[in-house]
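Structure record follows, encoded as structure tokens.
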Amino acid sequence: MKKRNGFFIIFFILIGMFISACGNDKNAQSQWKDGYYTAMMGDYNFGWKEYVTICVMDHKIVNVEYNAKNASGFIKSWDIAYMRNMNPVSGIYPNRYTRDYAKEFLEEQSAENIDLIAGATSSGYNFQKLAAAVLENASTGNTEIAIVPVEKKEE
């Protein structure tokens with residue numbers, strides 16, 4: 001009987017620890033304020049300016065939009081000619097990689113450890129920076145557009 005009681009005590013202690021650990025994850029997310037947050041690259045890159053917009057509800061990211069637009073406001077993932085040129089060379093195209101990056105961000109609820117997609121690594125690095133910027137704004141409730149500087153490449 002004593003062995004059985006000891007088992008139950010250990011079992012309930014472990015269950016309590018598990019529940020506490022789950023609660024800590026929620027507390028980390030509760031730092032985000034509900035609202036819409038956007039981060040945009042500070043300059044155009046090859047004619048496109050990338051941006052990320054998230055919607056936070058109940059302290060959780062519920063929607064992510066990642067894309068780029070040109071100076072006239074045309075959306076990169078809608079550019080069929082761009083897709084036809086990029087896909088045979090890279091094996092990927094904007095309408096696909098923008099959705100993949102956004103999906104991973106939504107699933108992970110984090111800007112860290114976002115996997116880069118071969119053929120879209122430059123956009124992946126920008127996405128990581130943009131995602132970090134929107135989460136920083138979401139943590140303070142700052143709904144102004146965050147401008148992320150473009151790193152200049154040395155020639």
Side-chain angles (χ1 to χ4, degrees), residues 14 17-155:
L14 290 174
M17 290 171 52
F18 178 76
I19 291 170
S20 295
C22 290
N24 289 340
D25 185 45
K26 186 175 183 196
N27 289 337
Q29 290 179 359
S30 70
Q31 68 186 358
W32 300 332
K33 311 280 189 253
D34 290 358
Y36 288 90
Y37 303 94
T38 299
M40 182 176 288
M41 296 306 291
D43 206 355
Y44 291 91
N45 188 20
F46 296 106
W48 301 100
K49 188 181 281 193
E50 294 170 301
Y51 64 91
V52 169
T53 299
I54 65 170
C55 176
V56 175
M57 288 178 60
D58 296 326
H59 311 289
K60 181 179 176 184
I61 302 167
V62 296
N63 191 27
V64 177
E65 179 187 358
Y66 169 50
N67 224 309
K69 58 185 175 179
N70 64 17
S72 69
F74 188 71
I75 302 297
K76 187 176 187 177
S77 65
W78 299 347
D79 191 335
I80 300 300
Y82 193 98
M83 179 190 77
R84 288 183 180 147
N85 290 328
M86 184 177 179
N87 192 32
V89 175
S90 303
I92 193 78
Y93 49 93
N95 194 21
R96 180 162 172 212
Y97 72 72
T98 56
R99 288 182 290 125
D100 289 348
Y101 284 132
K103 179 182 175 198
E104 187 172 358
F105 186 29
L106 182 63
E107 288 173 353
E108 296 295 322
Q109 298 284 302
S110 173
E112 298 176 18
N113 303 321
I114 292 174
D115 295 327
L116 297 177
I117 298 169
T121 53
S122 177
S123 292
Y125 287 125
N126 287 344
F127 180 78
Q128 289 173 334
K129 293 176 203 171
L130 292 165
V134 294
L135 289 181
E136 184 176 326
N137 277 1
S139 69
T140 63
N142 181 358
T143 57
E144 292 182 24
I145 295 174
I147 304 300
V148 176
V150 176
E151 291 182 20
K152 301 292 181 191
K153 305 237 190 282
E154 293 186 28
E155 296 181 32

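What's counted below: heavy atoms across the whole structure, side chains too, no hydrogens, waters or symmetry copies. Since the model is a prediction, treat every value here as computed from it, not as a measurement.
Across all their heavy atoms, K69 and Y44 have their closest contact at O-CE2, 3.6 Å. Here the closest heavy-atom approach between residue S139 and residue K33 is recorded as O-NZ, 3.9 Å. For P88 against M83, the heavy-atom pair with the smallest separation is CD-O, 4.2 Å. Taking all atoms of both residues into account, the shortest heavy-atom contact from I147 to G42 is CG2-CA, 3.5 Å. Nearest heavy-atom pair across V148 and A133 is CG2-CB, 3.8 Å.
A donor-acceptor contact shorter than 3.5 Å is absent between the side chain of T121 and the backbone of A118. Side-chain N or O atoms of N63 include none that pairs as donor or acceptor with a backbone N or O of I54 at under 3.5 Å. For the pair E104 (side chain) and D115 (backbone), a donor-acceptor distance under 3.5 Å is present. With hydrogens and angles ignored, the 3.5 Å screen pairs no side-chain donor or acceptor of N67 with any backbone N or O of T98. Without hydrogens or angle criteria, S90 side chain to I92 main chain gives no donor-acceptor distance under 3.5 Å.
From R96, atom CZ reaches atom OG of S77 across 14.0 Å, with rounding to the nearest 0.5 Å. Here the CG atom belonging to N70 is positioned 8.0 Å from the CG atom belonging to D79, to the nearest 0.5 angstrom. The NZ atom of K60 sits 7.5 Å away from atom CG of L106, with the distance rounded to the nearest 0.5 Å. Once rounded to the nearest 0.5 Å, the distance linking CG of L130 with OH of Y51 reads 11.0 Å. A distance of 9.5 Å separates CD1 in I117 from OG in S123, rounded to the nearest 0.5 Å.
Between F105 and V134 the shortest side-chain heavy-atom distance falls below 4.5 Å. Side-chain contact between V52 and E65 is absent, with no heavy atoms from C-beta onward closer than 4.5 Å. The closest side-chain heavy-atom distance from Y82 to W48 is below 4.5 Å. With contacts defined as side-chain heavy-atom distances shorter than 4.5 Å, the pair E107/K103 qualifies.
Within a 6.0 Å radius of CZ in F74, other residues, nucleotides and ligands contribute more than 12 heavy atoms.
The closest side-chain donor-acceptor pair between Q128 and Y101, if any, does not fall under 3.5 angstrom.
Here the rule is side-chain contact (heavy atoms from CB on, under 4.5 Å) with Y37, and of I145, T143, N142 only T143 fits it.
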- Message: Between N126 and M41, is the side chain to side chain contact (heavy atoms under 4.5 Å, CB included) condition met? List the steps.
- Response: CA-CA 8 Å; N126 287 344; M41 296 306 291; 3.5 Å; yes
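Taking the six-membered ring where the residue is Trp, the centroids of Y97 and F127 are separated by 6.0 Å or more.
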